[in-house]
**Q** 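Please read through the structure below; I'll follow up with questions.
Quantities reported herein were computed from a predicted structural model and do not represent experimental measurements.
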Amino acid sequence: MSKKDKIFTVKVRRDFCKGCGLCIAFCKKEVLGVSAKLNRMGYHPAEPVKPEACIGCLMCTQVCPDLAIEVYSE
Amino acid sequence: MELLNKWPIYYKKDVISHYCPGCGHGIVHRIVAELLEEMDLGKQAYLVCPAGCAVLAYNYFDFDVIESAHGRGTAIATGAKRANPKLFVISYQGDGDLSAIGTAETIHSANRGENICVVFINNAVYGMTGGQMAPTSLIGQSTMTSPAGRSPDVDGYPLHITDIVATFPGVTYAERVSVSSPAGIKKTKNAIRNAFQTQVEGLGYSIVEVLSPCPTNWKMTPAKSCKWIDEEMVKEYKPGLLTDKREEKRKERA
Amino acid sequence: MNKVFMSGNHCIAEAAIRAGCRCYFGYPITPQNELGEYMAANMRKVGGVFLQSESETAAINMVIGAASTGMRVMTSSSSPGVSLKQEGLSFLAGFEFPAVIVNMMRGGPGLGNIAPAQGDYFQSTRGGGHGDYRTPVLAPASVQELADLTVKAFALADAYRTPILLLGDGMMGQMKEPVVFPEPITDLPEKPWALKGRGDGPSRYQASLILDGLEMERHNWKLVRKYKEMAEKETLCELYMMDDADFAVVAYGTTARIAKGAIKRARKDGLKVGLVRPITLFPFPDKILQKVAYQVKNFLVFEMSTGQMLEDVKLALGGKQVEIAFHGRPGGVIPTPIEFSRVIHRYYRRILK
């Protein structure tokens, strides 16, 4: 199966995210956005807003300083 | 479902770091932990963390860590590596630590060609103490102790310490990178990998200077901070390879 | 081993190597250069590390690095250099790392001179660097004792996990005397706390940063308990001609040697004078002094300073009905036994009146 046919799921570990927005800024497919709700630390964490657009490039996991993003493939 | 970005085994699980949102330390920490795993060095790793924001790095790294007095990282690293050459010794330092108070230790450990790796986080400001001017601050950069902007007449010029040590015969590998973009992060990982490899082969001193965002003290958003690195900081500190004497040293040793 | 004729500085270096010290870091400063030079010539022969550092500050931090791996490690310097080492001494105390630091004192303050002096007593015994800690101090008075106390210093450092100061002066370092060395120690204590890489076990860290106030307080009291235990078990003091004495001189190191010469003279003249010589300056032998105070009511403290150990003597004898006098020659002046015997005569006569 080529990468194109795979389905990717991006998950943000809400309470580990400090809402710095780097993943949002660097995601080419605009998969991620800012959550309206606060997390336990009092930040607005990132959350997938267009999850179906994820191409599994892992850019968001690379720029995340807090290891708060997990990307799964099926 | 398969997790694509596995948690590095040498990074403590489920700890929320004390770093501010968007701080570059977290990225570099992850890279160091990933490389120790990929290169199978974690079991003998010995990291010296500085006095600075990264002083608490031992809360995140899951291998042996010692903390140092401000600026003395490479002296402690020297002592440890000389005492036990089997250790894989990394000195993790910031710009105030490495290029102000620790200048002598930096210059001389480099000049001796100590077989250690130095990870140098340059964010052009003193982070932990609240954003005072660093030797690496840019001309015109406004900080808590240069509120009107750094002036060469008063404060001198930005110090290029990695460029200085790169000219030493004892320094085998020196590169400047930035973690301001995914591409930069990839280059950072490669540079640190090369630095680690230098020590593994016993080829001498290696240093990687990482231009790293400090959104809190720069008073910018994290995304804007990355842009500032790419647009302003790189004008003063040009990323790129500064020296790579690995091949000639390999030949010397053969 | 046979007797050898050796200078004090060489003797410390040889004794350290025999005590299992395998790392030496130092920076040249008179009057202790011969120590580093001896290490340079001999340390590598036994597979150890000798490194001339770029500064005393770097040297003491290299000591921290080497000590953290479990090695027996030493550095040496003289007064101005030891001032620079105080940062590291504070860290060593905070980390609870064993190490031996030699100070061959010279005249001060500032650059002072290179003549023997005892002006660093306060710096040595009061902690010296920042924070709530002390450094145990050993003060030898002969080349043989330099050898013995160097070996002891390493044992104490390991047993109590603390930096130990070996306090001599220019004269101790430069003078030559016969010395018999102990056999080399091969059986060194295990150090389970040392950082050797995590291997297959859990990771560890060593830090002197304790952000929580209560925890830092606990750490401070832990250090105090350690010093108290040392005071009970490790305090050393020599009593010389004290059996029938009615007048006691208190002196350490070089001045104690001079005092012995002076006491011999005074004894010939029929004066019943003895010497109390603290060998550990911290912990200070105050209990021994208090015992002496039952027998002797007049004390004469003799130092090559303006009166530093004097304060410890006063503290030890506080509340006792005794008189404490002082004679000091600071700044690098070495008093002679004749001079000091005259001083003893003078005080003695005053008491008899």
**Q** What donor-acceptor contacts under 3.5 Å connect chain B and chain A, backbone and side chains included?
**A**
| residue | atom | partner | partner atom | Å |
| --- | --- | --- | --- | --- |
| B:Glu2 | N | A:Ser73 | O | 2.9 |
| B:Glu2 | O | A:Ser73 | N | 2.9 |
| B:Leu4 | N | A:Val71 | O | 2.8 |
| B:Asn5 | OD1 | A:Val71 | N | 3.1 |
| B:Asn5 | ND2 | A:Ile69 | O | 2.7 |
| B:Asp14 | OD1 | A:Arg13 | NH1 | 3.0 |
| B:Ser17 | O | A:Lys18 | NZ | 3.1 |
| B:Ser17 | OG | A:Lys18 | NZ | 2.7 |
| B:Ser17 | OG | A:Asp66 | OD1 | 3.4 |
| B:Tyr19 | O | A:Lys18 | NZ | 2.7 |
| B:Arg30 | NH1 | A:Thr61 | O | 3.0 |
| B:Arg30 | NH1 | A:Gln62 | O | 3.1 |
| B:Arg30 | NH1 | A:Cys64 | O | 3.2 |
| B:Arg30 | NH2 | A:Gln62 | O | 3.0 |
| B:Arg30 | NH2 | A:Gln62 | OE1 | 3.4 |

**Q** Against chain A, label B:Val15 side chain, backbone, both or neither, depending on which of its atoms sit under 4.5 Å from a heavy atom there.
**A**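 It is the backbone, since no side chain atom gets that close.
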**Q** Please state whether the side chain, the backbone, both or neither of A:Ile69 comes within less than 4.5 Å of a heavy atom of chain B.
**A**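 The backbone, not the side chain.
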**Q** Considering non-hydrogen atoms only, spot the tightest contact between A:Leu67 and B:Pro8 and give its length.
**A**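 Looks like CD2-CD, 3.7 Å.
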**Q** Please classify the contact of A:Leu58 with chain B as side chain, backbone, both or neither, using a heavy-atom distance under 4.5 Å.
**A**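 Looking at A:Leu58, just its side chain touches chain B.
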**Q** Specify the closest pair of heavy atoms between A:Pro65 and B:Cys23, including all atoms of both residues, with the distance to one decimal.
**A**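 Heavy-atom minimum between the residues: CB-O, 3.2 Å.
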**Q** Which pair of heavy atoms, one from B:Pro21 and one from A:Cys20, lies closest together, and at what distance?
**A**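 Smallest heavy-atom distance, with atoms named: C-CB, 3.6 Å.
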**Q** So what's closer than 4.5 Å to chain A heavy atoms on B:Ile185: side chain, backbone, both or neither?
**A**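 Side chain only.
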**Q** When you look at CE of B:Met144, are more than 12 heavy atoms from neighbouring residues, nucleotides or ligands closer to it than 6.0 Å?
**A**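 Not buried by this count: 12 neighbours or fewer within 6.0 Å.
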**Q** For A:Cys64, is it the side chain, the backbone, both or neither that has a heavy atom under 4.5 Å from a heavy atom of chain B?
**A**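 Only the backbone of A:Cys64 comes within 4.5 Å of chain B.
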